[in-house]
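Just below is one structure, and these are the notes that go with it.
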Amino acid sequence: MTTYTDKGKKPENGRFLAFDHITFWVSNAKQAASYFITRFGFEPLAYKGLETGSRKFASHAVRMNKIIFIFQAQYEPDETEFVKEVEYHGDFVKDVAFQVENLDYILEYAKKQGAVVVRDLWEEKDEFGVVRMATLKTYGDNTHTLVDRSKYKGSFLPGYQPSAKDPIQNFLPKVEINFVDHVVGNQPDNGMEEAASWYERCLQFHRFWSVDDKQVCTEYSALRSVVMANWEETVKCPINEPAAGKRKSQIQEYVEYHGGAGVQHIAINTEDIITAIEHLRERGVEFLSIPSVYYKIIREKLKNSKVQVAESIDTLERLNILIDYDDDGYLLQIFTKNTQDRPTLFLEVIQRRNHNGFGAGNFKTLFESIELEQEKRGNL
Ligand SMILES: O=C(O)C(=O)Cc1ccc(O)cc1
Ligand SMILES: [Fe+2]
């Protein structure tokens, strides 16, 4: 495991503030949005479609605090890039948007560094002001939209109409998860370095943390991972690639089912993971199971650690929440099962207490749990 200390040179100008929103391309956006509302507790946020003058695509935006997902589907049976990509990948994360300051500088810099511009600077306006955006290509069929909303006062984006509250929320326990912590991209064999260096070269991100396959190895599968972060370290994008092991790496399984590089998981951050997971489980969200021996070992290890975990280990065990720590702090994390039929995307819920890692201490246990699922699928 490597924690990097050199952030490189501070960008002369421009700033990445946070993840703005994440756009999914799906075959049925109405139903996909409803899944995240009913299961995960997102609130309907905004809509655009035929009724609002959007003739080609339906877009349903949902929100939980600062986390915004947009589900988009095409109306007409034309063989567009949208239809081809959704047919090939299945429902997938197409775009991860960043909220930025000084969009012009960031865009010009990326262009000079050879970034592929998918959609050059454009503006969207309504009575609440103007939002400026531009979209760049990253790994696979994925893009990053840069969003400058500094001159906008509306609740989401121009062109959208606010959505009505969903009455189902009156009957289900509330889920409080606050913001996107990181978004992970899986790459095919030997794809990590190229994908990671794009963030350095085009966005002036730096390497924040990494693990190689010697450290992340179960009996069967292995991977390498490097976390790319903006200067302020408010946006983190880990990049994974498979490594050779005795059997098929979970990253290789992803790449085969997704059809190339793509977003593997979205980690969302909460201040109270116990309540969040109790409520998500009550709502029927399924998580990976962790063997009880993990908790036996961690109870012993924590007896000799400098850090105190405030939460009850019995409760964490009952909920299958994982614990990673060092001398200064700890994190609690848990992983959902895949959120679609293909074994591709899943979500992570994470709570941090003075700890900026990604759960390296849990990799072995976590990967063994994933391998149990791979085995059930006949993919190990
Ligand atoms: O690195 C992260 O962000 C993690 O949450 C740990 C992890 C790494 C690789 C996986 O395939 C699944 C989980
Ligand atoms: Fe993660």
Side-chain angles (χ1 to χ4, degrees), residues 1-4 19 22 67 93 96 139 177 179-189 191-192 195-196 199 205 207-218 220-229 233 235-243 245 247-258 261-270 273 277 287-290 294 320-325 330-339 342-352 355-374 377 379-380:
M1 193 172 89
T2 311
T3 304
Y4 297 83
F19 290 99
I22 296 175
I67 309 162
V93 170
V96 175
Y139 51 78
I177 306 180
F179 62 90
V180 175
D181 189 282
H182 57 276
V183 177
V184 183
N186 277 350
Q187 311 302 319
D189 260 346
M192 181 181 80
Y199 288 85
F205 281 25
R207 286 164 205 248
F208 180 75
W209 190 90
S210 71
V211 282
D212 71 28
D213 53 312
K214 300 198 183 44
Q215 295 147 329
V216 188
C217 218
T218 64
Y220 293 141
S221 69
L223 62 81
R224 285 177 284 268
S225 185
V226 57
V227 178
M228 306 309 295
E233 301 180 342
V235 171
K236 298 193 191 93
C237 300
I239 304 289
N240 296 334
E241 72 180 6
R247 302 257 185 112
K248 192 194 291 279
S249 164
Q250 45 156 320
I251 310 303
Q252 185 58 27
E253 186 196 31
Y254 174 100
V255 166
E256 288 174 13
Y257 278 88
H258 176 74
V263 171
Q264 176 211 38
H265 75 265
I266 301 168
I268 50 181
N269 189 302
T270 178
I273 197 169
I277 300 309
F287 296 92
L288 292 181
S289 299
I290 304 303
Y294 169 86
N320 282 233
I321 296 169
L322 296 159
I323 306 142
D324 196 20
Y325 64 92
Y330 65 97
L331 66 74
L332 304 174
Q333 64 184 168
I334 188 168
F335 297 86
T336 72
K337 293 194 177 176
N338 298 118
T339 49
R342 295 194 197 198
T344 50
L345 181 74
F346 56 87
L347 299 194
E348 170 185 356
V349 181
I350 186 164
Q351 175 189 311
R352 296 182 182 279
H355 189 96
N356 285 325
F358 289 81
N362 293 326
F363 277 15
K364 191 164 189 302
T365 300
L366 171 64
F367 296 169
E368 282 166 358
S369 296
I370 296 176
E371 284 163 10
L372 275 178
E373 301 293 322
Q374 274 182 270
R377 299 191 279 262
N379 288 334
L380 188 61

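Index from 1, following the sequence. In listed order, ligands and their atoms are each counted from 1.
- Looking at Asn356 and Phe208, their side chains come closer than 4.5 Å, going by heavy atoms from C-beta outward.
- Partners of Glu233 under the salt bridge (Lys or Arg N to Asp or Glu O under 4.0 Å) rule, at least two apart in sequence or in another chain, do not exist in this structure.
- One finds the OH atom of Tyr139 at 6.5 Å from the SG atom of Cys237 (value rounded to the nearest 0.5 Å).
- Remark: at the Fe ion (ligand 2), atom OE1 from Glu348 and atom NE2 from His182 enclose 100°, rounded to the nearest 10 degrees.
- Salt-bridge annotation for Arg377 and Glu253: present, with a side-chain N of the basic residue lying under 4.0 Å from a carboxylate O of the acidic one.
- The side-chain contact (heavy atoms from CB on, under 4.5 Å) check on Asp324 picks up Leu331, His355, Asn362, with sequence neighbours excluded.
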When you pair each N or O of ligand 1 with protein N or O atoms, which pairs come out under 3.5 Å?
from     : atom 1 : to     : atom 2 : distance (Å)
ligand 1 : 3 (O)  : His182 : NE2    : 3.0
ligand 1 : 3 (O)  : His265 : NE2    : 3.2
ligand 1 : 5 (O)  : His265 : NE2    : 3.1
ligand 1 : 5 (O)  : Glu348 : OE1    : 2.9
ligand 1 : 11 (O) : Gln250 : OE1    : 2.6
ligand 1 : 11 (O) : Gln250 : NE2    : 3.3
ligand 1 : 11 (O) : Gln264 : NE2    : 2.6

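- Annotation: salt bridge (Lys or Arg N to Asp or Glu O under 4.0 Å) contacts of Arg342 (sequence neighbours excluded): none.
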